[in-house]
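Position 1 is the first residue of the sequence, and the numbers go up from there.
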Amino acid sequence: MSHDEVAATEGLLAFIGESPSMFHTCAAIRRRLDAAGFTYLPEGDAWTVEPGGAYYTQRNNSSVIAFRVGERALAKDGRFHFQLTAAHGDSPTFKIKAVPELEGPEGTRRLNVEAYGGMIDYTWFDRPLSVAGRVLVREGSRVESRLIAPEEPIALIPSLAIHLDRSVNDGFSPNRAVDLCPLITAGELGEGAFDAYVAKAVGVEPEQVLARDLFLVNRQPACVWGAAQEFVSSPKLDDLMCAYVSLEAFLAAQNPACVTVYCCFDNEEVGSNTKQGAMSTLLADTLTRLTAALGLTPEDYRRALAKSMLVSCDNAHAVHPNHPEKHDAGNRCRLNGGLVIKEAANQHYCTDAFSRAAFEAVCDRAGVPYQTFANRSDMAGGSTLGNLSNIQASMHAVDVGCAQLAMHSSYETAGVRDVTLATQALQAFFEADLTIDGADAIELG
C-alpha cells in the first residue's frame, strides 16, 4: 500500500475512535461539518437556504443530514435535483438495561445487557470493554443530555475454561442472559457502583442521572496490519467505514449544478423504523424544507425526486479465504478491489439495471474500479437502508459498500486501499453532472 493509502486509512481509524456510539458518530460528523464552514439548521427553527450555501441538520443527536446547494442548482431549465449518499452510524453491540447490575457469587457484580442488532456473540468474549452513549441528567429545573465514553476498560465477558466445558470446541451457542453478562467487579465495588461510575463520568451526583442510552464498546485498538500493510481491523467498520468515506467524498466534491446531500442515519441495525432512522421522515423533511426555503413549490420537489439519485452505502461481504463456498461463484468481491455494487432479486438491495448503469458510468468516466456482489442463490442475504429511505423519498438508488470480512463481529477487517478507492468513487458521483430522464436515459454532462 502507498503512503497516501495508509494515511487515508489512519483518517478512518481516527474517525472510528471518535465514534464509540451513534451519538458520538453524529458529534464527530458535526465537528467536521462545522470545520468545513457548514451552517447548522436546527429542526425547530425557520430555515434560510441560498444557492452556494452549505448546511446541515440533525435529529436525536444520532442522525445527521448535510447538503450543499450548487450555485446553478436553480437554473431555469427544469433540472433541479439531488445527488445523495446514505450510510448509518450504529453497529451491533449490547445495550445496558435500565437496572444495570446483576449480583453474582462471591461478591461479583455483572452488567445486565441485551442485544442491539445481530452481532456474532462469541467475538465479545475475553476483550477489554467499556461503555459509551448519552446520559440525561437533571440540573435544577433543566434536564440535559451529556455524552460519555470512558477510554479505560471497565468490564469483560469471561469465557468458561475448557476444563469446565470440555465440549466447547465441538460447538458453542452462548445464552445471552447467562453467558454474556460483563463482569465489572470481583467484590471491591458494592451495589450501585455502575450508576456511581456513570454519574462521576458526567460530573453529577448519582441521583441527578434520570436515564441513559449506554452500549458496550470493544476497546481493543484498531490497526493497519500485514506484511504489505493490506489490512485494516477495527470495531465498527460496518458501517463507519462507509459513513467516513462518503463524508470525505461529500466534503471534497464540488457540483454547482445540483444539491448534493450526505446522510448518516441511526438504528439501521435494528430495522431503521425509528424517528431518526432511514425509514423515518427525516430525509423527506429535510429535502422538502430546503426546497421550500429556496422558494420552490411542492410540485418542484416531486419533480426533483424523479431526477435524483441515491447511493446507499453499507459494507459488503468479501470472499472469505477459508470459506469461498459461501459466496456466489461469479458475483463475489475481494478486499482492496474497489467499491462493491450490491444487487438482489428480492430487492433487499435497491440496485436495479438503471441505477447500476448510472453508477458504473460515473466510475468508468473517473477511472475508478468497482466490483459486483450477489448472494448465493440458496442463501438469504442481509438488507440495508436504501429501500427503507425510499419509502419516504422515492428516487433512483443503488446499493454499494466496501468489502470486508467478519461483518458484525466486535472486531472486523477490511482493505486499506478500499478507503481511497471508495472515496474516489463517491466523490466522482457527487461531482457528476447527471441528467436523469425517467427510467429511459442518464446523461453525464
Can you tell me if Asn390 uses its side chain to pair, donor with acceptor, with the backbone of Met395 under 3.5 Å? yes

I'd like to know if the side chain of Asn336 and the backbone of Glu230 have a donor-acceptor N/O pair within less than 3.5 Å. yes

Taking only residues at least two apart or on different chains, which pairs with a member in residues 380-436 satisfy ring pair (Phe, Tyr, Trp, His ring centres under 6.0 Å)? Phe250-Phe430, Phe354-His396

Starting at CE of Met279, measure out to CD1 of Ile391 and round the result to the nearest 0.5 Å. 4.5 Å

Answer with yes or no whether the side chains of Asn267 and Gln276 bring together a donor and an acceptor at under 3.5 Å. yes

Are the side chains of His88 and Asp238 in contact, using a 4.5 Å heavy-atom criterion? yes

Nearest heavy-atom approach of Asn218 to Leu129 is CA-CD2, 4.0 Å

Can you find a side-chain donor-acceptor pair between Ser312 and Asp399 that sits under 3.5 Å? yes

Heavy-atom closest pair, residues Leu283 and Phe265: CB-CZ, 4.1 Å

Heavy-atom closest contact (Val270 atom, Gly117 atom, distance): CG1-N, 3.6 Å

Among residues at least two apart in sequence or on other chains, which ones pass salt bridge (charged side-chain N to carboxylate O under 4.0 Å, His left out) with Asp195? Arg212

Taking atom NZ of Lys97 as the centre, does the number of heavy atoms from other residues, nucleotides or ligands within less than 6.0 Å exceed 12? yes

What distance separates Ile442 CD1 from Phe359 CZ, expressed to the nearest 0.5 Å? 13.0 Å

Please list all pairs meeting ring pair (Phe, Tyr, Trp, His ring centres under 6.0 Å) that have one or both residues in residues 270-302, counting only residues at least two apart or in different chains. none

Within a strict 4.5 Å, meaning less than it, do heavy atoms of the Thr372 and Glu343 side chains meet? no

Which residue pairs pass the ring pair (Phe, Tyr, Trp, His ring centres under 6.0 Å) test with at least one member in residues 271-293, sequence neighbours excluded? none

Could you list all the side chain to side chain donor-acceptor pair (under 3.5 Å) pairs where at least one residue sits in residues 239-258, not counting sequence neighbours? none

Would you confirm whether His81, through its side chain, and Thr435, through its main-chain N or O, come within 3.5 Å as a donor-acceptor pair? no

Would you say Thr384's side chain and Gly386's backbone share a donor-acceptor pair under 3.5 angstrom? no

Side-chain contact, heavy-atom cut-off 4.5 Å: Leu405 with Pro321? yes

Short question: side chain of Asn315, backbone of Cys402 - any donor-acceptor pair under 3.5 Å? yes

Mind checking side chain to side chain donor-acceptor pair (under 3.5 Å) for His323 and listing every partner two or more places apart, or none if nothing turns up? Glu325

Test side chain to side chain contact (heavy atoms under 4.5 Å, CB included) on Leu237 and Ile16; report intermediate values, then the result. CA-CA 8 Å; Leu237 288 176; Ile16 293 175; 3.7 Å; yes

Counting distance only, does the side-chain N/O of Ser409 pair as donor-acceptor with the main-chain N or O of Glu412 below 3.5 Å? no

Measuring only between side-chain heavy atoms, which start at C-beta, is Leu84 closer than 4.5 Å to Phe67? no

Does a sphere of radius 6.0 Å around OH in Tyr197 hold more than 12 heavy atoms from other residues, nucleotides or ligands, not counting ones at 6.0 Å or beyond? yes

Under the side chain to side chain contact (heavy atoms under 4.5 Å, CB included) rule, what do Thr286 and Leu41 come out as? Steps first, then yes or no, please. CA-CA 10 Å; Thr286 302; Leu41 301 175; over 6 Å; no

Looking only at atom types and distance, does a side-chain atom of Arg289 sit under 3.5 Å from a main-chain N or O of Glu43, one as donor and one as acceptor? yes

Do the side chain of Gln83 and the main chain of Ala432 share a donor and acceptor less than 3.5 angstrom apart? yes

Mind running side chain to side chain contact (heavy atoms under 4.5 Å, CB included) on Val400 and Tyr370 for me, showing each step along the way? CA-CA 9 Å; Val400 306; Tyr370 52 86; over 6 Å; no

Return yes if some donor-acceptor pair links the side-chain N/O of Arg334 with the main-chain N/O of Gln371 below 3.5 Å, else return no. no

From Leu426 CG over to Glu431 CD, what is the distance, rounded to the nearest 0.5 angstrom? 11.5 Å

Just jot down the salt bridge (charged side-chain N to carboxylate O under 4.0 Å, His left out) partners of Arg176, sequence neighbours excluded, or say none. Asp121

Closest approach of Tyr116 and Ser91, non-hydrogen atoms and distance? CD2-O, 3.5 Å

Can you tell me how far NE2 of His317 sits from NE2 of His327, rounded to the nearest 0.5 angstrom? 8.5 Å

Checking Asp34 now: which residues fulfil salt bridge (charged side-chain N to carboxylate O under 4.0 Å, His left out) with it, not counting sequence neighbours? none

Just jot down the side-chain contact (heavy atoms from CB on, under 4.5 Å) partners of Pro42, sequence neighbours excluded, or say none. Tyr40, Asp45

How many angstroms lie between atom CG of Leu33 and atom CG of Leu251, to the nearest 0.5 angstrom? 6.0 Å

Assign the ring pair Phe82 / Phe80 to parallel, tilted or perpendicular, where the plane angle (0 to 90°) is split at 30° and 60°. perpendicular

Glu151 atom CD: more than 12 heavy-atom contacts under 6.0 Å: no

Polar side-chain atom of Asn375 near backbone of Asp328 as donor-acceptor pair, under 3.5 Å: no

Validation row: Arg30, Gln58 side chains within 4.5 angstrom (heavy atoms): yes

Do any pairs count as a side chain to side chain donor-acceptor pair (under 3.5 Å) and have a residue in residues 125-140, sequence neighbours left out, and if so which ones? Asn60-Arg134, Asp126-Ser159, Arg127-Gln220, Arg127-Ser410, Arg134-Asp213, Glu139-Arg146

Asp433 meets the salt bridge (charged side-chain N to carboxylate O under 4.0 Å, His left out) criterion, sequence neighbours left out, with Arg79

If I take atom CH2 from residue Trp124 and atom OG1 from residue Thr93, how far apart are they, to the nearest 0.5 angstrom? 3.5 Å

Could you label the plane-to-plane angle of the Phe23 and Phe215 rings as parallel, tilted or perpendicular, counting under 30° as parallel and over 60° as perpendicular? tilted

In the structure I gave you, are the side-chain heavy atoms of Val113 and Pro182 within less than 4.5 Å of one another anywhere? yes

Find out whether Lys342 and Asp314 are in side-chain contact, i.e. whether some heavy atom of one side chain is under 4.5 Å from a heavy atom of the other. yes

Can you run down the side chain to side chain donor-acceptor pair (under 3.5 Å) pairs that involve residues 16-25, sequence neighbours left out, and say none if there aren't any? Glu18-Arg31, Glu18-Arg32, Ser21-His24

How about Leu216 and Leu111: do any of their side-chain heavy atoms sit closer than 4.5 Å? yes

Exercise: identify the closest heavy-atom pair between Val217 and Ala132: CG2-CB, 3.5 Å

Between Val137 and Glu144, does the side chain to side chain contact (heavy atoms under 4.5 Å, CB included) criterion hold? Intermediate values first, please. CA-CA 6 Å; Val137 302; Glu144 62 183 35; 3.9 Å; yes

